[in-house]
Amino acid sequence: MYKTHTCGELRRAHIGQQVELAGWVHRRRDHGGITFVDLRDRFGLVQVVADPATSPQAHQKLEDVRNEWVIQVTGTVRSRPPGSENPHLATGEIEVETSEVRILNPAKTTPFSINKDEEVDENTRLRYRYLDLRREQMSRNILLRHRVVKFIRDFLNDHGFIEVETPILFKTTPEGARDYLVPSRLHPGEFYALPQSPQQLKQLLMVAGVERYFQIARCFRDEDQRGDRQPEFTQLDLEMSFVEREDVMALAEELFTKMVAEVTPHKRLFASPWPRFTYREVMERFGKDNPDLRYGLELKDVRDLVENSGFKVFEAALAQGGDVRALNAKGCADYTRKQIDELTEYARNFGAKGLAYIALPKDQEMRSTFAKFLTPESLEALMTRLEAEPGDLLLFVADRPAVVFETLARLRVLLAERLQLADPDVLAFCWVTDFPFVSWSEEEQRWDPSHHLFTSPMPEDIPLLDVDPGKARGQQYDMVLNNYEVGGGSIRIHDRQLQEKVFALIGLEPDVARERFGHLLEAFEYGTPPHGGIAPGIDRICMILAGEPNIREVIAFPKNQAARDVMGDAPSPVEPKQLEDLHIRVVPPKN
RNA sequence: GGUCCCGUGGUGUAGCGGCCAAACAUGCGGCCCUGUCAAGGCCGAGAUCGCGGGUUCGAAUCCCGUCGGGACCGCCA
């Protein structure tokens, strides 16, 4: 070993000990005579002192040393002179008086500073990710992620789960996201697909009698990137046999409640037990199925109060079966015309044709696009419903329900950001249940599963599949945290007939179903336990726990928005011979 | 496929039609300095302003295109 101790562990108790340390030069302070070096390793920082009077060789060696050089020092731990302790450092009461310095590897000047927390262009960070990861914030994030995964493994192990690996090379599936394909050398024209999730395999493990399975599973989806989406990402994939919805939810809730208490003790839960909402309720109140509960600004249905208002916009929407809903932007009555126009412009992105409003400035006249159409009584009723007070701004959207919900949900999030309503130290977990089993896809003219193909409908709603599928509910549950869906799960179908019925409902031809899922259907005929599970997204959860704005910050080597690894420069062209082996010919895109 | 934003020394920013072959901070190099911890002081090097074209007497600054990056829509069962 190059070191007897880590840099971060030395304390008063070590005073007098001779130690060897090795690490990176975090910072060097040369006083002409005495020289200080802050030596850093993953475990912390310690001050090394070289005094030319007592150890001229060591002092001489440190003359050349620069930031990020890797060195080894031999020295003695001693108390710092009174008054020169550094309370900001865990090791600040002591220092290491060095007698010997060995340079293990010099370093070029880094393209950005490691010892400072400053904004650096993300492309540069990614190109030199190995340097970026040295920085405190990133090393903290990577450590946090380790602790999250470690907690999960320990917890599930203690609860009788076993971790089973499933193949990365598997089979393409219809539905869902675009697959990453891997050409087969041995089978010309055939392809493996990387798993979008180990869904079928974990169900087969239930058939296999594993009963309690989990995996920290890498998943692959070839879709466009977002701040919370990468081409490859990590799920905690877990599945249990002989359980009902309640059992899986209880387990996941206990797991994550205990985990955040241990991993992020400075954060508090918004509520425990976690609030639960039906899909219907969460949409009515927040306009989206992954709400942020940390603030109010809830949506209110005002259809009954405006139906005969004489205001064309509202009446037209209602006449076409549309919706009129509103939210109260607390304290925003002083928004200027321009600011409201900006909100309106924002609303148009989501299909709204406009925004109606009532502004209630504290010491001025009410301003409104439509209040003049209302009787004093209905105006009063609106105010009451929206809990309006002087100083508030009431925003109304009238349109198709989907547009109304989405627009108001977006405005709610936008306004909360502007007003800084969300406490960053609060974790608002909640559950959303009772999703529609399927929804009608206009483009494809067929029913689409809300969750996935293997979700079981509510037992009492199975008859509805034949008569009114849109009314059936699925045994699905989503885990939501601070504006993000961080996990989804369901009780699965374990019966061949029901599974085939669902395939048929979503328009999967029987022969296609058999070709793609024959193994699963067949397995269901050999004694399959009722089972269900959940798949929380590790990246998103770590992102939120770390307080980061995107998941790249909690992934050691992420890809950029164009799905490119800018450090390794992947993807990249390959040798013609490789293509030949794979029976692949590249057809360049037109243009 | 689409919309929007960004691109100035190594890094982060300022400059937004002439005062700019470009300013500040930090980093980098040299010298001085024995108790600092974002050490300090002095000196110095370093960008033809992503690239190409255009407008103009004059472009870092305006316009068009292009490349790179980011946010979002579509997409993501």
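Here is how names work: the chains are called A, B, and so on, in the same order as the sequence lines, proteins then strands, and each is numbered from 1. Predicted model, so just to flag it, every value in this text is computed and none were measured.
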What does [X] touch in the nucleic acid at a heavy-atom separation under 4.0 angstrom: a base, only the sugar-phosphate, or nothing?
X	answer
A:Thr54	nothing
A:Gly83	nothing
A:Arg80	base
A:Pro111	sugar-phosphate
A:Arg127	nothing
A:Glu406	nothing
A:Thr173	nothing

Counting Watson-Crick and G-U wobble pairs only, both distances under 3.5 Å, name the nucleotide matched with [N], or none.
N	value
B:G58	none
B:C4	B:G70
B:U34	none
B:C24	B:G12

Using the side-chain heavy atoms of [X], tell me which of these nucleotides is nearest: [options].
X	options	answer
A:Arg410	B:C72, B:C28, B:G35	B:C72
A:Leu89	B:G35, B:U11, B:C37	B:C37
A:Glu95	B:C76, B:C37, B:U36	B:U36
A:Arg66	B:U34, B:G29, B:U11	B:G29
A:Val120	B:A39, B:G12, B:C75	B:G12

Protein N or O to nucleotides 23-26 of chain B N or O, pairs below 3.5 Å:
from  : atom 1 : to       : atom 2 : distance (Å)
B:U26 : O2'    : A:Lys116 : NZ     : 2.3

If you take atom types as modelled and just measure distance, does the side chain of [X] reach the base of [N] with a donor-acceptor pair under 3.5 Å?
X	N	result
A:Asp224	B:C75	no
A:Arg226	B:G74	yes
A:Arg221	B:C75	no
A:Arg28	B:U36	no
A:Arg78	B:G35	yes

Look at atom CD of A:Gln445 and say whether more than 12 heavy atoms of other residues, nucleotides or ligands are closer to it than 6.0 Å.
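More than 12 within 6.0 Å, yes.
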If you define the side chain from C-beta out and look only at heavy atoms, does anything of A:Arg11 sit under 4.5 Å from A:Thr91?
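A:Arg11 reaches A:Thr91 side chain to side chain.
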Quickly work out the [X] [atom1] to [N] [atom2] distance and round it to whole Å.
X	N	atom1	atom2	value
A:Asn349	B:G74	CG	P	10 Å
A:Glu417	B:C72	CD	C1'	13 Å
A:Asn67	B:C37	CG	C1'	13 Å
A:Glu93	B:C37	CD	P	18 Å
A:Leu62	B:U34	CG	P	17 Å
A:His59	B:U34	NE2	P	10 Å
A:Phe220	B:C75	CZ	P	24 Å
A:Ile114	B:G10	CD1	P	17 Å

Please confirm whether the ring centroid of A:Phe517 lies under 6.0 Å from the ring centroid of A:Phe503.
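Centroid distance A:Phe517-A:Phe503: below 6.0 Å, so yes.
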Is the A:Phe233-A:Phe220 ring centre distance short of 6.0 angstrom?
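Between A:Phe220 and A:Phe233, which both carry aromatic rings, the centre distance is not below 6.0 Å.
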Are any protein N/O atoms closer than 3.5 Å to N/O atoms in nucleotides 66-69 of chain B? If there are, list each pair with its distance.
from  : atom 1 : to       : atom 2 : distance (Å)
B:G69 : OP1    : A:Asn560 : ND2    : 3.0

Any A:Arg27 side-chain N or O less than 4.0 Å from OP1/OP2 of B:A39:
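Indeed, a polar side-chain atom of A:Arg27 lies that close.
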Any A:Arg29 side-chain nitrogen or oxygen under 4.0 Å from OP1 or OP2 of B:A39:
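Yes, because at least one side-chain N or O of A:Arg29 sits under 4.0 Å from OP1 or OP2 of B:A39.
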By centroid distance (under 5.5 Å) and plane angle (under 30°), are A:His31 and B:A39 in a stacked arrangement?
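The ring of A:His31 is stacked on B:A39.
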When you measure from the side chain of A:Thr234 to the backbone of A:Ala217, do you find a donor-acceptor pair of N or O atoms at a distance under 3.5 Å?
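Such a contact is absent between A:Thr234 side chain and A:Ala217 backbone.
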